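Worksheet: the structure to be examined is printed underneath.
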Amino acid sequence: MLLQKQVSVSVLRLDTINPVVSGNKLFKLHYFLEDCMASDHKTLLTFGGAWSNHLVATAYAGSITGIRTIGIIRGERPATLSTTLLQCLEFGMQLKFVSRSVYTHKSTPEFVESLSKEVGPFTLVPEGGFDAKGARGAALIMNLITGIDHTHICTACGTATTLAGLMMGSPKNKTIIGVSVLKGDSDIEERVNALMGTGYDQLQLQMLTGYHFGGYAKKTDQLIAFMNQCWKQYQLPLDFVYTAKMFYAIMESIRLNHFLPGSKIICLHTGGLQGNRSLPVDTLLY
Ligand SMILES: *Cc1c(COP(=O)(O)O)cnc(C)c1O
């Protein structure tokens, strides 16, 4: 099909940077880590749910830099911890569980103040790295593809921090494509605007919508079949939460003639593969 449509697709494998930690998460942490290393407290505090890739990435980054990490976890402590949280503990992160209602107010000055009374001073990383600093870190991903000829770059979007980073770091003549993995994906442009701090060129950003397969972390048999097909055909391991939806959206859009002949698309494989471990063992070929 790609030959017939005269469109090329390449995949930037950020997943191979680290087997546990999602590639894009480390980039988003870059400038927070830099600030934290320069501080006296050398403590990083952040937030997430029990399956948060962002939490593991923060814990891992702490373990290799010697920075103390604290994770504020949404919901009461369960009897058995998720593999994600166990991994955080292995990387030396201190976990603090708070009720969902407290968690909702996690960004208020009062709550942050109460945390620093409890654990001392820290560098705060918003959930998912959703911050201009996180986006500037994600912009560093562009350094990996300097000199590679392309017309489009594509990423899966959760908080849209990675997407905003690509917008910041990319030459203006390249189109940036976002595929939202959330059902309510209508505020992505607003988020990008907030993260970039300046107006952006709306023509440069394209969203492929309607590829959430039911919502965040939802999946269908069709999506699973597509993942197995990509493995057979390209030896490309995708995860069902993010990258499978992104890649499906790209392939389907090519099929529907969304891209002009001659388009050269780079898709970011942002990682997240450990999420597949929550599937029954014989679901995937990999
Ligand atoms: C977190 C994550 C994303 C989404 O990144 P955002 O910057 O929050 O949009 C995409 N892919 C994978 C594998 C992730 O873990």
Side-chain angles (χ1 to χ4, degrees), residues 15 17-26 28-29 32 43-107 111-112 114-115 118-120 122 124-130 156 158-159 181-183 212-221 223-224 227-228 237-245 270-286:
D15 60 312
I17 294 176
N18 187 289
V20 175
V21 175
S22 285
N24 67 330
K25 301 291 184 284
L26 290 174
K28 289 198 278 186
L29 284 171
F32 292 103
T43 301
L44 210 53
L45 179 140
T46 195
F47 309 92
W51 299 99
S52 163
N53 288 328
H54 164 71
L55 276 181
V56 193
T58 307
Y60 173 78
S63 77
I64 58 171
T65 52
I67 284 174
R68 174 166 81 127
T69 56
I70 302 171
I72 308 299
I73 318 298
R74 183 181 62 230
E76 306 296 343
R77 188 186 188 97
T80 45
L81 294 182
S82 66
T83 46
T84 307
L85 292 182
L86 288 174
Q87 229 144 25
C88 288
L89 287 176
E90 255 169 60
F91 289 134
M93 181 176 254
Q94 283 167 248
L95 304 183
K96 180 178 159 58
F97 294 81
V98 300
S99 71
R100 279 164 198 269
S101 60
V102 170
Y103 193 85
T104 313
H105 304 292
K106 63 184 177 304
S107 308
F111 185 60
V112 174
S114 76
L115 285 173
E118 195 178 322
V119 300
F122 50 76
L124 186 144
V125 185
E127 187 172 29
F130 180 71
T159 65
V181 301
L182 308 169
K183 203 187 272 177
H212 54 70
F213 288 82
Y216 183 74
K218 297 280 194 304
K219 58 189 178 311
T220 64
D221 291 346
L223 186 68
I224 298 291
M227 291 165 73
N228 281 327
L238 299 170
D239 82 293
F240 72 93
V241 182
Y242 292 103
T243 53
K245 294 177 182 180
T270 36
L273 287 165
Q274 61 294 345
N276 287 345
R277 294 197 306 204
S278 68
L279 299 171
V281 280
D282 52 359
T283 311
L284 296 173
L285 300 171
Y286 50 96

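Please read these numbers as outputs of a predicted model, since none were measured by experiment.
In terms of modelled atom types and a separation under 3.5 Å, the side chain of T46 and the main chain of G71 share no donor-acceptor contact. With N53 contributing its side chain and V20 its backbone, the two residues share no donor-acceptor pair below 3.5 Å. A distance-only check finds no donor-acceptor pair linking the side chain of S52 to the backbone of G49 [under 3.5 Å]. Between the side chain of D15 and the main chain of V21, no donor-acceptor pair closer than 3.5 Å is present. Between the Y286 side chain and the L238 main chain, a donor and an acceptor come within less than 3.5 Å of each other. Side-chain atoms of K183 never come within 3.5 Å of backbone atoms of H212 as a donor-acceptor pair (strictly under, hydrogens ignored). With S82 contributing its side chain and A50 its backbone, the two residues share a donor-acceptor pair below 3.5 Å.
Side-chain polar atoms of D239 and Q274 form no donor-acceptor pair below 3.5 angstrom.
Annotation: the span from T270 atom OG1 to Y242 atom OH amounts to 8.0 Å, rounded to 0.5 Å. One distance of note links CG of L81 with SG of C88; it measures 9.5 Å at 0.5 Å rounding. Considering CD1 of I73 and CG of L95, their distance stands at 4.5 Å, rounded to 0.5 Å. R77 CZ to F97 CZ: the interatomic distance, rounded to the nearest 0.5 Å, is 4.5 Å. Atom OG of residue S63 and atom CZ of residue R68 lie 15.5 Å apart, to the nearest 0.5 angstrom. Rounded to the nearest 0.5 Å, atoms CD1 (I70) and OG1 (T58) are 12.0 Å apart.
Under the 4.5 Å side-chain criterion, counting only non-hydrogen atoms from C-beta, M227 is in contact with L284. By the 4.5 Å heavy-atom criterion applied to side chains, F47 and V125 are not counted as neighbours. Put simply, the side chain of T69 does not reach to within 4.5 Å of the side chain of Q94, judged on heavy atoms. Between F111 and V98, some side-chain heavy-atom pair lies under the 4.5 Å cut-off.
The shortest heavy-atom contact between I72 and Y103 is O-CE1, 3.7 Å. Residues G271 and S22 share a closest heavy-atom pair of C-OG, 3.9 Å. Taking each heavy atom of H54 and G128 in turn, the nearest pair found is CD2-N, 3.5 Å. The shortest non-hydrogen separation linking G275 to S278 is O-OG, 2.9 Å. Smallest separation of non-hydrogen atoms from M93 and L55: CE-O, 3.7 Å. In terms of heavy-atom proximity, T283 sits nearest to N228 at O-ND2, 3.2 Å.
At least one cation-pi condition fails for K25 and F130: the charged atom is not both under 6.0 angstrom from the six-membered ring centre and inside a 45 degree cone around its axis. Remark: K219 qualifies as a cation-pi partner of F240 under the 6.0 Å distance and 45° angle criteria applied to the six-membered ring.
Y60 meets the ring pair (Phe, Tyr, Trp, His ring centres under 6.0 Å) test with F91; sequence neighbours excluded.
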Next on the checklist: Apply side chain to side chain contact (heavy atoms under 4.5 Å, CB included) to residues L115 and F122 and explain how you reach the verdict.
Outcome noted: CA-CA 9 Å; L115 285 173; F122 50 76; 4.0 Å; yes
Next on the checklist: Please evaluate residues T159 and K28 with respect to the criterion side chain to side chain contact (heavy atoms under 4.5 Å, CB included), reporting the C-alpha separation (whole Å), side-chain torsions for both, the decisive distance (0.1 Å), and the verdict.
Outcome noted: CA-CA 11 Å; T159 65; K28 289 198 278 186; 3.9 Å; yes
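Within the structure, the salt bridge (Lys or Arg N to Asp or Glu O under 4.0 Å) test picks out the following pairs touching residues 98-107 (sequence neighbours left out): K106-E127.
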